[in-house]
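The figures that follow rest on heavy atoms only: side chains count, while hydrogens, waters and symmetry mates do not.
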Amino acid sequence: MNLVFVFRYISILFTSIFYLLGPQSPFYFKVGVVVSICVAAWIITDIQRKYIENKTILKSTVLAEIIGLTLLLIPTGGISSPFIWYALNPVLVAASFLTTLFCWGALSFYLGSTTLITYYLFDIDHIVIILQEKSNFYLVCLLTTMLVRLYSGLTKELYSKKSLLKDQQEELVNVNNTLSDTNQKYHQTLEHVMSLYHLMENFNSKKSIKKLVKEITLALMKCTQSDEVFFWLTDLNQQNSYIENMTNNHTLEKDLIENWNNIRMKRRPFTSKIKNEPYLMKVIRNANNVGVIGVKVSSGNDEKNTFLLNRPFDYLAELSEIMLEKIHMDQMMDQMIIIEEQNRIANEIHDSVSQRLFGIVYALHSLQIKGQSMKREELNQEYRFLSQSANTTMKELRSAIYRLSSVKKGEKPFLIHIKKYLDEYARLNDIRIYYQFFGDEAFVSKSIKQALYRIICEACGNAVRHGECHGIELKLSLLGEKSVLVIQDDGKGINLTMDANKREKGIGLLNMRNIVSSFTGTISINGIMGEGTEIHIEIPNISVSESQEVSG
């Protein structure tokens with residue numbers, strides 16, 4: 001475009017000079033013609049620059065300029081006019097920016113009209129004479145138009161390749177930026193995994209709920225990349241609570257307690273406002289505690305960012321429940337160890353103290369018979385021996401009396417803990433849990449009791465969290481040869497047509513299968529979509545003698 005317009009102004013300069021120096025017309029007339037041509041050239045050039053992409057306007061300006069310049073040749077000498085070369089400008093514009101047909105049509109119109117004007121207005125005997133005398137002019141016009149046309153095509157092809165290379169460059173830049181973002185997210189993911197690893201490592205050595213709340217809050221800040229997060233945890237009666245508040249709201253715990261009735265029964269992550277600030281929250285539940293974790297979100301979060309935020313948030317929420325459940329399970333196991341120790345002590349009292357007392361009674365009875373024939377010194381020795389034996393027995397009895405086994409009183413601590421857990425879990429989640437127990441827990445070893453408790457916790461948690469059930473039926477049979485556990489809920493059920501790996505990618509089902517397989521047991525999970533899920537587990541027991549020895 002620049003070359004075409006440069007040629008326009010150079011040609012108008014030289015043709016105007018030759019025209020002004022020529023003898024054809026008065027000088028003032030020549031000046032008027034030159035000024036008019038310059039004004040017209042400026043107007044045409046400005047229009048063509050503005051509407052270079054509008055082919056209709058460009059064609060109109062080319063046709064108008066060809067007609068105008070052809071008419072200009074009449075007073076300036078026809079085909080012999082100095083402006084004959086300037087009049088070629090609109091043809092060059094057509095050759096550069098318009099179609100081939102229009103370009104050659106414009107050149108034909110220009111040459112034909114110029115030749116006819118010269119023939120009719122300048123007394124030429126025959127038109128062939130014009131063609132012979134100006135053959136060089138016609139040839140130059142044809143060659144110039146052809147060269148401009150070829151150059152225009154080459155320029156357009158180079159421009160197209162340049163645009164293609166530019167697009168490819170932009171695509172490469174975008175791919176490079178994507179790779180950089182992916183690499184950055186990869187490193188961030190590694191950092192998150194390492195932080196979760198350290199969290200689990202610390203959790204294994206620290207059984208404090210307060211420390212767990214703090215660790216989960218720090219992990220939540222790293223995984224969600226948010227500066228405002230919180231974790232509030234309390235017991236069922238809201239007497240003892242723990243809060244890690246990383247927000248600007250200093251009355252957060254009070255606000256959560258006031259809104260607790262509205263959020264306590266929500267089972268999925270949800271967004272709620274606290275003092276007009278939106279938070280993504282999820283309720284955390286286990287047998288003894290309930291709480292909520294939250295992270296502040298912006299109201300303009302798009303769907304992609306919300307999805308990326310939900311995944312680590314939901315994972316940490318589930319991890320919190322598992323950790324709290326493990327703390328509760330470890331506490332229960334500690335209590336079971338104490339109970340087992342109490343059973344052992346009770347057996348020791350039964351085997352030692354009772355036998356010693358029987359021996360003392362027998363010795364007193366014998367001393368009463370033989371005392372009359374014994375010397376005083378011998379009697380004193382017997383009295384001192386019996387006194388020492390009685391004192392020893394009293395010390396043993398006094399040290400063990402406060403640790404008497406509940407099993408000796410006919411109670412069943414393991415089943416009592418299971419009942420307590422199920423009652424509290426039902427009350428916490430506002431569901432119904434019906435349970436039945438058969439058999440004697442003396443048949444079951446401590447490790448199998450722990451396994452059954454973990455399975456019951458996992459199954460109930462899955463039924464509430466994922467199955468969204470309203471009722472659970474549980475049957476536990478502690479028999480001599482095996483333990484049988486059947487858990488059935490009325491939730492959404494499991495789609496059995498799904499791939500097993502997809503169906504069991506959750507932590508709960510995988511844990512249950514691993515626990516059962518570690519005892520060479522069997523587990524079957526059956527469910528119908530919309531009608532609930534049934535879990536049937538059988539675990540072979542250790543021999544009765546071993547189990548009784550462990551349980552005391």
Side chain to side chain contact (heavy atoms under 4.5 Å, CB included) partners of Thr217, counting only residues at least two apart: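 For Thr217, the residues satisfying side chain to side chain contact (heavy atoms under 4.5 Å, CB included) (neighbours in sequence not counted) are Val213, Val229, Phe231, Glu244, Met246.
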Measuring from [X]:[atom1] to [Y]:[atom2], what's the distance to the nearest 0.5 Å?
{"X": "Leu252", "Y": "Glu228", "atom1": "CG", "atom2": "CD", "answer": "10.5 Å"}
{"X": "Cys460", "Y": "Ile455", "atom1": "SG", "atom2": "CD1", "answer": "11.5 Å"}
{"X": "Leu107", "Y": "Cys141", "atom1": "CG", "atom2": "SG", "answer": "6.5 Å"}
{"X": "Ile44", "Y": "Asn89", "atom1": "CD1", "atom2": "CG", "answer": "11.0 Å"}
{"X": "Asp46", "Y": "Thr61", "atom1": "CG", "atom2": "OG1", "answer": "11.5 Å"}
{"X": "Tyr242", "Y": "Thr234", "atom1": "OH", "atom2": "OG1", "answer": "9.0 Å"}

Minimum heavy-atom separation for [X] to [Y], with atom names?
{"X": "Thr70", "Y": "Ser113", "value": "CG2-OG, 3.2 Å"}
{"X": "Asp489", "Y": "Gly491", "value": "OD1-N, 2.8 Å"}
{"X": "Ile66", "Y": "Ala106", "value": "CD1-CB, 3.6 Å"}
{"X": "Gly291", "Y": "Trp260", "value": "O-CH2, 4.0 Å"}
{"X": "Ile431", "Y": "Cys469", "value": "CG2-O, 3.7 Å"}
{"X": "Arg149", "Y": "Ala94", "value": "NH1-O, 3.8 Å"}

Report, as yes or no, whether the 6.0 Å neighbourhood of atom [atom1] on [X] holds more than 12 heavy atoms from other residues, nucleotides or ligands.
{"X": "Tyr51", "atom1": "OH", "answer": "no"}
{"X": "His470", "atom1": "NE2", "answer": "no"}
{"X": "Lys492", "atom1": "NZ", "answer": "yes"}
{"X": "Gln169", "atom1": "CD", "answer": "no"}
{"X": "Leu101", "atom1": "CG", "answer": "no"}
{"X": "Arg268", "atom1": "CZ", "answer": "no"}
{"X": "Glu170", "atom1": "CD", "answer": "yes"}

Taking C-beta and beyond as the side chain, do [X] and [Y] meet within less than 4.5 Å on heavy atoms?
{"X": "Ile47", "Y": "Ile43", "answer": "yes"}
{"X": "Thr247", "Y": "Glu277", "answer": "no"}
{"X": "Ile274", "Y": "Met281", "answer": "yes"}
{"X": "Lys156", "Y": "Ser152", "answer": "yes"}
{"X": "Val464", "Y": "Arg285", "answer": "no"}
{"X": "Asn183", "Y": "Leu179", "answer": "no"}
{"X": "Ile67", "Y": "Phe109", "answer": "yes"}
{"X": "Tyr159", "Y": "Ser163", "answer": "yes"}

Carboxylate-amine/guanidinium contact Glu157 Lys161, below 4.0 Å: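 So Glu157 pairs with Lys161 through a salt bridge.
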Salt bridge (charged side-chain N to carboxylate O under 4.0 Å, His left out) partners of Arg465, counting only residues at least two apart: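 For Arg465 the salt bridge (charged side-chain N to carboxylate O under 4.0 Å, His left out) partners, ignoring immediate neighbours, are Glu321.
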Option among Val292, Leu324, Val290 that satisfies the side chain to side chain contact (heavy atoms under 4.5 Å, CB included) test with Ile284: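 Considering Val292, Leu324, Val290, a side chain to side chain contact (heavy atoms under 4.5 Å, CB included) with Ile284 is found only for Leu324.
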Stepwise side chain to side chain contact (heavy atoms under 4.5 Å, CB included) test for Met323 and Ile216: CA-CA 10 Å; Met323 288 181 173; Ile216 289 292; 4.0 Å; yes
Steps toward side chain to side chain contact (heavy atoms under 4.5 Å, CB included) verdict (Val62, Phe97): CA-CA 11 Å; Val62 168; Phe97 307 109; over 6 Å; no
Can you check whether [Y]'s main-chain N or O pairs, donor with acceptor, with [X]'s side chain at less than 3.5 Å?
{"X": "Asn526", "Y": "Glu534", "value": "no"}
{"X": "Asn177", "Y": "Val173", "value": "yes"}
{"X": "Asn289", "Y": "Leu233", "value": "no"}

CA sep, side-chain torsions, deciding dist, call: Lys162, Leu165, side chain to side chain contact (heavy atoms under 4.5 Å, CB included): CA-CA 5 Å; Lys162 177 185 175 183; Leu165 290 174; 5.7 Å; no
Listed partners of Asp255 passing side-chain hydrogen bond (donor to acceptor under 3.5 Å, both in side chains), at least two apart: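 Partners of Asp255 by the side-chain hydrogen bond (donor to acceptor under 3.5 Å, both in side chains) criterion, ordered by chain and then number, come out as Asn249, Thr251.
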Distance-only side-chain donor-acceptor flag, Glu253 / Asn245, under 3.5 Å: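 There is no such pair between these side chains.
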